[in-house]
Amino acid sequence: MNNNLELKEIVFIDQTPFGCDIQTECLYNERTLGYALGVELPNPNEPPELIFKECCYTHIVLADTNSNEDLRNDYSSFFHQRQLPNETVDFVLYKFENDVEYELEDGTYGQYFNYEHFQTNPNLKGYLIEWKKVLQELGEGGYKIIKRQNIAGIDIETSSFVFTLRRYSASLANGTTRMDIIMDGFLEKNQTKFIGTGWKNSIRIKGFFGNREPQLEQDNLIDRNYKKNQISSKQTNEYKFQTGLVPDCVTDEIFDFFLLSDNIKITDYNLNNHSYNYKKYWVNYEKNEGTTYGNHTRKARLNLTFSDKVVNRINRM
């Protein structure tokens with residue numbers, strides 16, 4: 001082929017104008033473009049009471065009917081993020097001793113948040129169990145929260161781990177810590193927006209918080225004569241948080257929810273703690289020192305490091 005031929009002589013160029021505003025029809029059948037909305041279905045979990053029985057673990061919550069002090073009255077919250085407009089969910093409190101279910105649809109056992117309650121996320125529904133109210137109405141015992149959902153016509157039931165409710169005493173609280181959080185972010189895993197909701201939750205764990213390790217940081221200024229002058233010193237502190245042996249449903253709750261919050265308060269109830277000042281102590285999560293997994297048990301021990309959320313021990317020269 002002659003390389004000097006004009007391009008228009010060796011290829012066909014269709015110079016018909018584009019019909020941008022003309023609706024064309026298929027030669028044989030009309031086609032309709034459709035969309036399908038996907039939903040994520042939760043996986044039914046193992047009965048938590050069987051897991052606890054297998055690993056010999058008791059998850060204690062404490063309450064005091066004679067006191068309004070927050071540190072003597074535990075609470076636990078549960079939520080659901082709606083994916084479809086016709087999706088339904090109900091929360092139920094189940095007591096093992098009498099095999100009875102109690103509907104969580106008002107303020108009898110805590111705080112009820114129906115759809116549309118939160119302006120920043122009208123598709124969020126939840127319930128905050130106030131264990132003091134449960135103790136007043138139903139007494140001590142073993143409880144779990146059942147979550148019954150209907151998503152796209154499919155019924156799904158999941159359960160929390162088992163809570164053993166006891167009346168508060170210093171001896172029962174001894175050997176435990178409580179972590180309180182306020183979740184104020186967006187969890188991508190389950191597409192839940194907590195921004196502007198002030199969503200609270202707490203968990204009491206067998207463990208210890210404390211062992212403060214102060215560090216001193218100095219800021220110095222070197223003048224033109226190469227003389228070093230100290231202009232400020234700041235104290236920062238690290239704290240150790242170590243749990244007892246806990247099952248995976250508890251470690252997952254801590255790793256995958258509680259530590260994701262940037263509003264964390266820790267209270268230590270150990271009577272032999274070096275300091276009794278760790279009461280709703282604001283902290284920042286720093287690092288995981290390494291989880292201890294047992295060879296002959298399913299339980300594990302968490303070893304975490306926290307620091308002061310507010311650093312105000314500063315001396316300016």
Test side-chain hydrogen bond (donor to acceptor under 3.5 Å, both in side chains) applied to [X] and [options], the passing residue:
{"X": "Lys132", "options": "Asn73, Thr65, Asn68", "result": "Asn68"}
{"X": "Ser307", "options": "Gln215, Glu286, Glu238", "result": "Glu286"}
{"X": "Asn121", "options": "Gln81, Arg82, Glu116", "result": "Gln81"}

Please tell me whether [X] and [Y] are part of a single hydrophobic cluster in this structure, the criterion being side-chain heavy atoms less than 4.5 Å apart.
{"X": "Phe79", "Y": "Tyr143", "result": "yes"}
{"X": "Trp131", "Y": "Tyr269", "result": "no"}
{"X": "Tyr285", "Y": "Val310", "result": "no"}
{"X": "Leu187", "Y": "Leu128", "result": "yes"}
{"X": "Phe163", "Y": "Phe257", "result": "yes"}

Exercise. Heavy-atom count around Glu69 CD within 6.0 Å, excluding the residue itself: above 12?
Worked result: yes

For this session: Could you tell me how the ring of Tyr94 sits relative to the ring of Phe96: parallel (under 30°), tilted (30 to 60°) or perpendicular (over 60°)?
Result: perpendicular

Could you tell me whether the side chain of [Y] reaches within less than 4.5 Å of the side chain of [X], counting heavy atoms only?
{"X": "Asp308", "Y": "Val283", "value": "no"}
{"X": "Tyr57", "Y": "Val162", "value": "no"}
{"X": "Asn303", "Y": "Thr291", "value": "no"}
{"X": "Asp184", "Y": "Phe194", "value": "no"}
{"X": "Glu157", "Y": "Lys147", "value": "no"}
{"X": "Val92", "Y": "Tyr102", "value": "no"}
{"X": "Thr164", "Y": "Val61", "value": "no"}
{"X": "Leu304", "Y": "Thr243", "value": "no"}

Quick check for you: to the nearest 0.5 Å, what is the distance between [X] atom [atom1] and [Y] atom [atom2]?
{"X": "Lys279", "Y": "Leu71", "atom1": "NZ", "atom2": "CG", "value": "6.5 Å"}
{"X": "Ile146", "Y": "Phe91", "atom1": "CD1", "atom2": "CZ", "value": "12.0 Å"}
{"X": "Asn123", "Y": "Glu87", "atom1": "CG", "atom2": "CD", "value": "8.5 Å"}
{"X": "Asn150", "Y": "Ile156", "atom1": "CG", "atom2": "CD1", "value": "8.5 Å"}
{"X": "Arg166", "Y": "Thr58", "atom1": "CZ", "atom2": "OG1", "value": "9.5 Å"}
{"X": "Glu213", "Y": "Thr236", "atom1": "CD", "atom2": "OG1", "value": "11.0 Å"}

Looking at [X] and [Y], does any basic side-chain N land under 4.0 Å from a carboxylate oxygen?
{"X": "Lys95", "Y": "Glu101", "value": "no"}
{"X": "Arg148", "Y": "Asp90", "value": "no"}
{"X": "Asp180", "Y": "Lys265", "value": "no"}
{"X": "Arg178", "Y": "Asp74", "value": "yes"}
{"X": "Lys309", "Y": "Asp262", "value": "no"}

Problem set entry | No-hydrogen, no-angle side-chain donor-acceptor test under 3.5 Å, Asn270 and Asp268 | yes

For this session: Consider only side-chain N and O atoms of Asn201 and Tyr75, and report whether a donor and an acceptor are under 3.5 Å apart.
Result: no

Sidechain-backbone polar pair: [X] side chain, [Y] backbone, donor-acceptor under 3.5 Å:
{"X": "Asn211", "Y": "Lys240", "result": "no"}
{"X": "Asn263", "Y": "Ile181", "result": "no"}
{"X": "Thr177", "Y": "Gly207", "result": "no"}
{"X": "Glu137", "Y": "Val134", "result": "no"}
{"X": "Thr120", "Y": "Ile195", "result": "yes"}
{"X": "Thr176", "Y": "Ala173", "result": "yes"}
{"X": "Ser261", "Y": "Ile264", "result": "no"}

Seminar exercise, completed: Only one of Phe113, Phe258, Phe186 passes ring-ring contact (aromatic ring centres under 6.0 Å, His included) with Trp199, and that residue is Phe113

Exercise. Of the options Phe241, Tyr276, Phe306, Tyr239, which is the one that meets Tyr281 in a ring-ring contact (aromatic ring centres under 6.0 Å, His included)?
Worked result: Tyr239

Compare every heavy atom of [Y] with every heavy atom of [X], then report the nearest pair and how far apart it is.
{"X": "Thr158", "Y": "Gln149", "result": "OG1-NE2, 3.9 Å"}
{"X": "Asn237", "Y": "Arg212", "result": "OD1-NH1, 3.1 Å"}
{"X": "Asn66", "Y": "Asp64", "result": "N-OD1, 2.9 Å"}

Problem set entry | Working for side-chain hydrogen bond (donor to acceptor under 3.5 Å, both in side chains), residues Thr192 and Asn190 | CA-CA 6 Å; Thr192 304; Asn190 50 24; 3.0 Å; yes

For this session: Run through Phe118, Tyr112, Phe78 and flag the one making a side chain to side chain contact (heavy atoms under 4.5 Å, CB included) with Lys125.
Result: Tyr112

